[in-house]
Amino acid sequence: MKLSQFKQLTDFRWEIEPYGDMRVPGIIFASADLLRQMEDDVGRQLRAVASLPGIRGAALAMPDAHVGYGFPIGGIGVFDPAEGGVISAGGVGFDIACGVRCLRTGLHRDDILTVQEELADTLFAHVPCGVGSTGGIRLSTSEIDDMLKDGAKWAVRNGYGTQADLDHTEEGGRMPGADPSQVSDTAKKRQRDEMGTLGSGNHYLEIQYVEEVFDEKAATAYGLAEGDAVVCIHCGSRGLGHQIGTDYLARMLKAMPRHGIPVTDRELACAPAASELGQDYLGAMRSGINCALANRQIITHLVREAFAEVLPEARLSLIYDVSHNTCKEETHRVDGRERRLLVHRKGATRALPPGHPSLPHEYAKAGQPAFIGGSMGTASYILTGTQTGMDDAFGSICHGAGRAMSRKKAKASFRGREVIEKLHRHGIHIRTSSYKGAAEEAPEAYKDIDMVIDATTGADIASKVTRMRPLVCVKG
DNA sequence: ATGTCC
């Protein structure tokens, strides 16, 4: 993007001042280098979001932002339901509650290295992955409804994990307000055999080690020290979330004339949050959140089973689980007033600052751990929220490296087998169901994660706790 | 992201 269209606020904040239909400014958190790399369409999409009814504060984009369906991925849009504010299926994303959970293992990097190949094979055998993959769990219609209502709580009730896991999951593992009756039978049918599966694309299951600790106190609160091995799981709500997105995009688009919202872009289909359709979507989307939480909980159980076979001394305990594709009702101060607002985070991670009441008590001083996954083979980070991020970004930060190259271009530029062999030479063991997928996920197709993190912390909306490097990666 | 175009 051309920097001249922005008003530079700080080294890492750039504003598009309101013009035309924009109701609020657009603000991009990024370095000048990252902003120059960003597609022009991110600016166009941000201006479109800033023009939607009832938007509050500013339409925001994170340093990892790239073009998405309607809203940018790496975008935040906050709306006031009491004043005509909208909810948008494209503002949440198709993979509802896609997110990352990270577990301590009680093991050191060296413990993994001795069994690296065997562990990679065992994890790949235990956790189904790839497009259309199914698991060993078959749910009846009533079981699906229970799962959609209770999320990871349902999973733990059925033997997949512990109360301690729930205590370290966003919303305690259960998103309230889910209404499975608003989820189509098609969506439920698609999910029937897909619980406990990783999916495809940028989803992964990795064993990583802590390469560097930046914040000793916070790392200690999270139970981590240099050299520790961790497991990170990145996946979402599979076919169910995708179908909810598809169903409600069509319904919202059709209802826009009735709601008096002009259709400037079909991808920006939305409904007043207070309308019947808006409430129906909220009930369905929250069911999708619970599906993703249950899915990551079941995968955690499968990972524990895999470790028990190869490294029985491992003790996998959940540090935290946080989503980066959601719309949540939260209280924020805007224009000097506390309001209940609907916060769309699409490819943006919630990050609570130290002292926030929603934190598990042992993280009260450190703040919420937020997991930022790099591209395949590159570093991942644990960050924590700041009060500035709460005030200026509705408690939201980036979610990953962010694509720099389209999937199509990446597929034409790289060969999956070569990508995997190159990473293997660097000591990273990949197991994948798709070489084509591996080409699309080549590290070179993504932005530099270190640059994204430095821009996020430079803007003071997060602070660094640890950096991790992968040892094993199971990839859809 | 996705039964990657029912």
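Proteins get letters first, then strands, A, B, ... in listed order; numbering begins at 1 in each.
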Which whole-number value in Å describes the distance from [X] [atom1] to [N] [atom2]?
{"X": "A:L240", "N": "B:dT2", "atom1": "CG", "atom2": "P", "answer": "12 Å"}
{"X": "A:D193", "N": "B:dT2", "atom1": "CG", "atom2": "C1'", "answer": "16 Å"}
{"X": "A:D247", "N": "B:dT2", "atom1": "CG", "atom2": "C1'", "answer": "13 Å"}
{"X": "A:K408", "N": "B:dC5", "atom1": "NZ", "atom2": "C1'", "answer": "15 Å"}
{"X": "A:K189", "N": "B:dC6", "atom1": "NZ", "atom2": "P", "answer": "14 Å"}
{"X": "A:F94", "N": "B:dT4", "atom1": "CZ", "atom2": "C1'", "answer": "12 Å"}
{"X": "A:L249", "N": "B:dT2", "atom1": "CG", "atom2": "P", "answer": "16 Å"}
{"X": "A:L198", "N": "B:dT2", "atom1": "CG", "atom2": "P", "answer": "9 Å"}

- Task: Select base, sugar-phosphate, or nothing to describe what A:G93 touches, counting heavy atoms under 4.0 Å on all strands.
- Result: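 The residue A:G93 makes no contact with any strand.
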- Task: Name the nucleic acid region contacted by A:G201, choosing base, sugar-phosphate or nothing; use a 4.0 angstrom heavy-atom cut-off, strictly under.
- Result: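 If one applies the 4.0 Å heavy-atom cut-off, A:G201 turns out to touch the sugar-phosphate alone, with no base involved.
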- Item | Contacting residues from residues 68-79 of chain A, given that a heavy atom lies under 4.0 angstrom of DNA chain B |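 By residue number: none to list.
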- Message: My understanding is that only residues two or more places apart in sequence, or in another chain, count here; which of them pass side-chain contact (heavy atoms from CB on, under 4.5 Å) with A:K189?
- Response: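 For A:K189, the residues satisfying side-chain contact (heavy atoms from CB on, under 4.5 Å) (neighbours in sequence not counted) are A:R192.
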- Item | Set of side-chain contact (heavy atoms from CB on, under 4.5 Å) partners for A:S51, sequence neighbours left out |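 Here the qualifying residues are A:D21, A:M22.
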- Query: Which one of A:D165, A:T169, A:D321 satisfies the side-chain hydrogen bond (donor to acceptor under 3.5 Å, both in side chains) criterion with A:Q297?
  - Reply: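 The side-chain hydrogen bond (donor to acceptor under 3.5 Å, both in side chains) with A:Q297 is passed solely by A:D165 among A:D165, A:T169, A:D321.
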- Item | Position toward the 5' end of DNA chain B (nearest nucleotide), A:S434 or A:R407 |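 Of the two residues, A:R407 wins.
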- Message: It should be established whether A:S200 places a side-chain nitrogen or oxygen under 4.0 Å from OP1 or OP2 of nucleotide B:dT2.
- Response: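 Checking A:S200 against B:dT2: at least one side-chain N or O falls below 4.0 Å of OP1 or OP2.
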- Side-chain N or O of A:R238 less than 4.0 angstrom from OP1 or OP2 on B:dT2?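 Indeed, a polar side-chain atom of A:R238 lies that close.
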- Do A:R350 and A:Q368 get their side chains close enough for a donor-acceptor pair, meaning under 3.5 Å?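 Result is yes, a qualifying pair exists.
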- Task: Using the ring pair (Phe, Tyr, Trp, His ring centres under 6.0 Å) rule, take A:H324 and A:H234 through it: C-alpha gap first, then chi angles, then the decisive distance, then the call.
- Result: CA-CA 10 Å; A:H324 49 236; A:H234 176 212; 5.2 Å; yes
- Query: In terms of ring plane angle, is the pair A:Y69 and A:F94 parallel, tilted or perpendicular, where the classes change at 30° and 60°?
  - Reply: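 The arrangement is perpendicular - the two ring planes meet at more than 60°.
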- Query: A:H344 and ring-ring contact (aromatic ring centres under 6.0 Å, His included): which partner among A:F71, A:F394, A:Y281?
  - Reply: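 Running ring-ring contact (aromatic ring centres under 6.0 Å, His included) over A:F71, A:F394, A:Y281 with A:H344 returns exactly one hit, A:F71.
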